[in-house]
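Numbers restart at 1 for each chain; the letters A, B, ... are given by sequence-line order, proteins then strands. Just so it is clear, the model here is predicted, and its values are computed rather than measured.
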Amino acid sequence: MILVLCETDPATGEVDEVSLETLALARALSTEGGGVAVRAVVVGPVADTDAVAATLGGHGATEVRHATGDGVASFGGAAWATALDAVRQETGSVAVLAGGTPRGNEVVAHLAARLAVPMAANVVSFEGLSPLTVRRQVAGGVALEEMRLSNRPALLTVAGHAWQAEETGAGPATWVESTVDVPAEELVARVVRTAERAADESGSLTSAPVVVGAGRGAGGPDGFGPVTELAELLGGAVGVTRVVTSLGWRPHHEQVGQTGSRISPDLYVACGISGAIQHWAGCASSRAILAVNTDPEAPMMTRATYAVVGDMHEVVPAIVEEIRKRG
Amino acid sequence: MTRVLAAVKRVADTSGEVVLTEDGQGLDGRFAGWTIGDHDACAVELAIRVAEAGDGSVTVLSVGAPEAVEQIRSALALGAGAGILVETDPSAMGPADVAAEIAAVVSGAAEAGEPYDLVVLGNDAADTGDFQVPIRLAHLVGRPIVTGARMLEVADGVLVAQVQGPYGDETYELPLPAVAAVLEGGAEPRYPSLRGRMAAKKVEIDVRAPAGSPSGSGRVRWHVPPAASGEAEVLGEGPAAAPAVVEVLERLGVLR
């Protein structure tokens, strides 16, 4: 049995994309291991249980355990790990997976500490099952570590876009409600207040299908007009480099990179960005990258999927104009 | 008076090229140099702010090679008052081992009647990216933990932490003693003053032997994937490339 912790938006019920990608890796492990069942666990409030059961079933989970109760109504790493561990024990799971999100990593780390077993964070592939050997991102994603997970349960989280989410065509998963009792001492650290974030802040940056980024080449705080305009036209978000936030040109929540947000959009448009390792670590999971730069030899230009040689202050407005012209 | 322990890790500077050690067991910092990771640097900054606000003190701890005294002294120069080095071979240590060594220092201080109210660490090591040392530490010492913290405040025995959650800005309130894992970005680390640097040189670092034997990390080897150099499809030069760009946007299905 392989158990996958899946995250859903409590307001919309939408399943996090990384959770679906994690299910894809779980199915691959299952196939390699002779077809053991893949189950999902969802913790806390769910807006639309039918929709979540259909989505997770359609991505390979035969059953969804929905862990509820006062102790897991708001997020707390220790409390959610209790819920995950309860389902793990009930299902006799030999492997527990989660998306490599802040919450996925936190909950699985709590489980690892509780069970005193190793954990592999941000796995991108597995090399074999005897013993389970994985490759995971290190050094902010610019290097990979081959790691053995000999203990059971095997605990790992999956890096964003490391696997392609795939629908199997199966129907909704069986939905099983499971009430969790969380000991009082595990409720000490949990969210007590959440201030809703403005729509243009980094919550949308990490989930945006398109991110238009700019670096020092923007020239100053006034140089982001066309970049913002292009992002709006593409229904995307603005992302910037660390130097831009350090200079105070844009807020930190827009920072993409090793210590900012790690993004995995369908397209990242990198304008006037040289492509330093720290920035590359935050955008390397993009499905496609379009680089605009005056220097054709800049690392971002050579690593990108598409490149335009030129000044972003001329090229980006021209792209905006072309989009508007095509209406 | 809030007593804070800030744990920092000596890591290779990866602002330039990433170079691995010959045995493939980690990053080689011999050429690029060594530093404190960004999350750790912010953890030190927030530790000092908490101590300053509460008339307290900061002790800096590192678990690692003898040379990690450099990173301890750089934190001392910023305002920390004492330094502890648990001297060991970092390449032999897994996240559980590092957590156990920090836990031994925390427990030892409590037994000596000088407990730390708050332990702060970087959310994640800049090199190994394990995402678990702070949480394993919290379990070992039986303290609550908040991760991903960008701002910390202590008042009336309560730690208030601000975290950028997936659906909004979250607030945690934890009773002390507690552990906090700090994410870079909430506070800009300060620069050391000349006076601070001079004072840091005079501090005697408490160098200790490890409390336990390392169990390792399960690491087999590190790899650096070859860069996909020179494979970009050049769409053109200057504004004249705009039509080709828009065609690509349409092909990718991202043009609404």
Side-chain angles (χ1 to χ4, degrees), chain A residues 9 77 102-103 105-106 109-110 112-114 118-119 121-122 133 137-139 142-149 188-189 191-197 202-203 209-210 234-235 252 255 259-260 266-267 277-278 288 290-291 301-310 314-315 318-319 322-323 326, chain B residues 14-15 18 20 27 38-39 94 96 126-132 135-136 139 144-148 164-175 184-185 217-225 227-230 232-239 241-243 245-246 248-249 252 254-256:
Chain A
D9 185 326
R103 287 190 172 180
N105 279 320
E106 181 174 353
H110 271 283
R114 183 171 303 182
M119 161 193 170
N122 288 328
T133 304
Q137 293 178 340
V138 290
V142 295
L144 297 173
E145 177 185 79
E146 193 175 327
M147 177 181 174
R148 289 197 185 109
L149 288 168
V188 174
V191 177
V192 295
R193 289 189 296 279
T194 300
E196 201 171 318
R197 188 178 299 131
S202 58
V210 179
L234 298 176
H252 182 272
Q255 184 177 316
T259 58
D266 293 329
L267 176 66
I277 287 168
Q278 284 75 9
L290 165 62
M301 293 285 273
T302 57
R303 288 172 164 173
T305 325
Y306 307 99
V308 173
V309 182
E314 297 174 358
V315 175
I319 296 170
E322 184 69 21
I323 292 173
R326 297 193 186 193
Chain B
T14 55
S15 55
V18 172
L20 301 185
L27 296 173
D38 291 327
H39 299 319
D127 51 1
T128 52
D130 294 308
F131 286 96
Q132 50 195 289
I135 290 172
R136 288 186 187 272
H139 276 256
I145 178 170
V146 57
T147 68
Q164 191 174 290
Y167 311 110
D169 296 326
E170 299 169 343
T171 301
Y172 287 71
E173 294 177 358
L174 286 68
E184 187 265 352
S217 65
R219 176 185 309 141
V220 179
R221 190 177 176 82
W222 280 25
H223 311 263
V224 176
S229 180
E233 179 185 338
V234 178
L235 301 177
E237 290 190 20
V245 169
V246 175
V248 165
L249 299 179
L252 293 173
V254 298
L255 190 58
R256 296 185 173 187

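Between the side chains of Thr194(A) and Glu170(B), not a single donor N or O lies within less than 3.5 Å of an accepting N or O.
Partner of Glu173(B) under the side chain to side chain contact (heavy atoms under 4.5 Å, CB included) criterion, out of Val188(A), Val191(A), Val192(A): Val192(A) alone.
Taking 4.5 Å as the limit, every side-chain heavy atom of Val234(B) sits out of range of all side-chain heavy atoms of Val308(A). Annotation: side chain of His110(A) is in contact with side chain of Ile145(B) (closest heavy-atom distance under 4.5 Å).
Other residues, nucleotides and ligands contribute more than 12 heavy atoms inside 6.0 Å of the CZ atom of Arg103(A).
Distance check: Gln255(A) CD to Glu184(B) CD gives 5.5 Å after rounding to the nearest 0.5 Å. Rounding to the nearest 0.5 angstrom, the gap separating the CG atom in Asp130(B) from the CD atom in Glu145(A) is 7.0 Å. Separation of atoms CZ (Arg219(B)) and CZ (Arg148(A)) is listed at 13.0 Å; rounding is to 0.5 Å. For the atom pair CD1 of Ile135(B) and CD of Glu106(A), the computed distance is 5.0 Å after rounding to the nearest 0.5 Å.
The shortest heavy-atom contact between Asp127(B) and Val138(A) is O-CB, 3.4 Å. Heavy-atom minimum distance, Trp222(B) versus Ala143(A): CE3-CB, 4.5 Å.
The candidate with the highest count of non-hydrogen atom pairs below 4.5 Å against chain A, out of Leu252(B), Leu235(B), Val224(B), Val146(B), is Leu235(B). Between chain B and the residues Arg326(A), Met301(A), Arg114(A), the most heavy-atom pairs under 4.5 angstrom are made by Arg326(A). Counting heavy-atom pairs closer than 4.5 Å to chain A, the top-ranked of the candidates Pro144(B), Ala241(B), Gly236(B) is Gly236(B). Heavy-atom pairs under 4.5 Å with chain A were tallied for Gly129(B), Ser217(B), Pro239(B); the largest tally goes to Pro239(B). Listed options Gly77(A), Ala109(A), Gly310(A) were ranked by heavy-atom pairs under 4.5 angstrom with chain B; first place goes to Ala109(A).
Both the backbone and the side chain of Ala112(A) come within contact range of chain B, with heavy atoms under 4.5 Å apart. Heavy atoms of Leu290(A) lying under 4.5 Å from chain B belong exclusively to its side chain. Contact of Asn122(A) with chain B is made through the side chain alone, with heavy-atom distances under 4.5 Å. Both the backbone and the side chain of His223(B) come within less than 4.5 Å of a heavy atom in chain A. In this structure, chain A has a heavy atom under 4.5 Å from the side chain of Val248(B), while its backbone stays farther away.
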TODO: Might you work through the salt bridge (Lys or Arg N to Asp or Glu O under 4.0 Å) test for Arg221(B) and Glu146(A), ending with a clear yes or no?
DONE: CA-CA 5 Å; Arg221(B) 190 177 176 82; Glu146(A) 193 175 327; over 6 Å; no
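Side-chain atoms of Gln132(B) come within 3.5 Å of backbone N or O of Met119(A) as a donor-acceptor pair.
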